[in-house]
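Below is one structure, written out as structure tokens; comments come after it.
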Amino acid sequence: MEVKEILKMLREKNNLTQEEMARKVNVTRQAVSRWETGETQPNPDMLKVLSRQFDVSINTLLGAPRTLFCQCCGMPLSEDSMISREPDGGFNEDYCKWCYADGTFAYKTKDSLLDYLVSNMPNPENKSPDERRKFFDGHLSQLKHWN
């Protein structure tokens, strides 16, 4: 879906007219109309406002142009419900809600996350704990949070 279609869908899903949506986000009705026709797109600051107003990530507003991955554990963030939140309620698209919530990281060190992964992730190949730890560490070391 394109941005224009997503914005119109969100507006209609919330039973808002263009005028009502405009009032909620402090723009003119004409601005909303131009977004919905694709004549213009919301700027980055307005995307943040729309994200909060409609409780969707900016990535979703933009039509999910990129695949998000938690930069702590590497989990694909395929749904907005998996994305972490900041203390103000805004989305933090860098992390999953299990690794980061309300401004706090669940894993203070990479070793604590590795301990969790080795203990809790399936082991269908019956690898030793050391082999598994090395495997997980190789993946985690590529993520922004652990660099």
* Heavy-atom closest pair, residues Pro122 and Arg132 -> O-NH2, 3.2 Å

* Short N-O contact, Arg133 and Asp111, less than 4.0 angstrom -> yes

* Asked: Between Lys144 and Asp94, which heavy-atom pair has the shortest distance, and what is it?
  -> NZ-OD2, 2.8 Å

* In sequence, state the C-alpha distance, the side-chain angles, and the governing distance for Thr37 and Lys4, and then conclude on side-chain contact (heavy atoms from CB on, under 4.5 Å). => CA-CA 6 Å; Thr37 62; Lys4 65 183 184 178; 6.0 Å; no

* Do any pairs count as a salt bridge (charged side-chain N to carboxylate O under 4.0 Å, His left out) and have a residue in residues 70-85, sequence neighbours left out, and if so which ones? -> Asp55-Arg85

* Asked: Do any N or O atoms from the side chain of Ser119 and from the backbone of Tyr116 form a donor-acceptor pair under 3.5 angstrom?
  -> no

* Which residues share a side-chain contact (heavy atoms from CB on, under 4.5 Å) with Gln142, sequence neighbours left out -> none

* Can you tell me which residue pairs pass the side-chain hydrogen bond (donor to acceptor under 3.5 Å, both in side chains) test with a partner in residues 21-34, sequence neighbours excluded? => Gln18-Arg29

* Hydrophobic cluster (4.5 angstrom, side-chain heavy atoms) - remaining members for Leu77 -> Leu68, Met75, Met82, Ile83, Phe91, Trp98

* Asked: Given side chains that start at C-beta, do those of Ile6 and Glu2 come closer than 4.5 Å, heavy atoms only?
  -> no

* Rounded distance [0.5 Å steps], OG1 in Thr60 versus CG in Leu10 -> 9.0 Å

* Pairs meeting criterion salt bridge (charged side-chain N to carboxylate O under 4.0 Å, His left out) with involvement of residues 38-54, two or more places apart -> Arg52-Asp88

* **Check: His145 ring centre within less than 6.0 Å of Phe105 ring centre** => yes

* If you draw a 6.0 Å radius around NZ in Lys13, do more than 12 non-hydrogen atoms from other residues or ligands fall strictly inside? -> no

* Please examine the side chains of Leu47 and Leu62, heavy atoms only from C-beta on, and report whether any two atoms are closer than 4.5 Å. => yes

* Under a single-linkage definition using a 4.5 Å side-chain heavy-atom cutoff for Ile, Leu, Val, Met, Phe, Trp and Tyr, are Tyr100 and Ile58 assigned to the same hydrophobic cluster? -> no

* Asked: Tell me, do Trp146 and Ser141 make a side-chain contact under 4.5 Å, heavy atoms counted?
  -> no

* To do: Please step through side-chain hydrogen bond (donor to acceptor under 3.5 Å, both in side chains) for the pair Ser81 and Lys97, ending with a clear verdict.
  => CA-CA 8 Å; Ser81 63; Lys97 67 181 182 180; 5.4 Å; no

* Which pair of non-hydrogen atoms, one from Cys96 and one from Cys70, has the smallest distance, and what is that distance? -> N-SG, 3.3 Å

* **Hydrophobic cluster membership, Leu114 vs Tyr95, 4.5 Å side-chain cutoff** => no

* To do: Go through the steps to decide whether Glu86 and Asn92 satisfy the test side-chain hydrogen bond (donor to acceptor under 3.5 Å, both in side chains), and finish with yes or no.
  => CA-CA 6 Å; Glu86 292 292 351; Asn92 182 327; 2.7 Å; yes

* **Close side-chain approach of Phe54 to Met21, heavy-atom, < 4.5 Å** => yes

* Nearest heavy-atom neighbours spanning Pro42 and Leu50 -> CG-CD1, 3.7 Å

* To do: Following the transitive rule for hydrophobic clusters with a side-chain heavy-atom cut-off under 4.5 Å over Ile, Leu, Val, Met, Phe, Trp and Tyr, establish whether Leu140 and Val118 coincide in one cluster.
  => yes

* Asked: How many angstroms lie between atom CG of Asp130 and atom CG of Asp137, to the nearest 0.5 angstrom?
  -> 12.0 Å

* **Non-hydrogen side-chain atoms of Phe136 and Leu113 separated by less than 4.5 Å** => no

* Structure fact -> Gly74 and Leu143 have their tightest heavy-atom pair at N-CD1, 3.4 Å

* Atom OG of Ser84 and atom CG of Asp102: how far apart are they, to the nearest 0.5 Å? -> 9.5 Å

* To do: Could you state whether Val56 and Val25 fall into the same hydrophobic cluster, counting links through intermediate Ile, Leu, Val, Met, Phe, Trp or Tyr residues with side-chain heavy atoms under 4.5 angstrom apart?
  => yes

* Structure fact -> Contacts of Thr17 meeting side-chain contact (heavy atoms from CB on, under 4.5 Å) (sequence neighbours excluded), chain-then-number -> Glu19, Glu20

* To do: Would you name the heavy atoms of Met9 and Met1 that are closest together and state the gap between them?
  => SD-CE, 4.2 Å

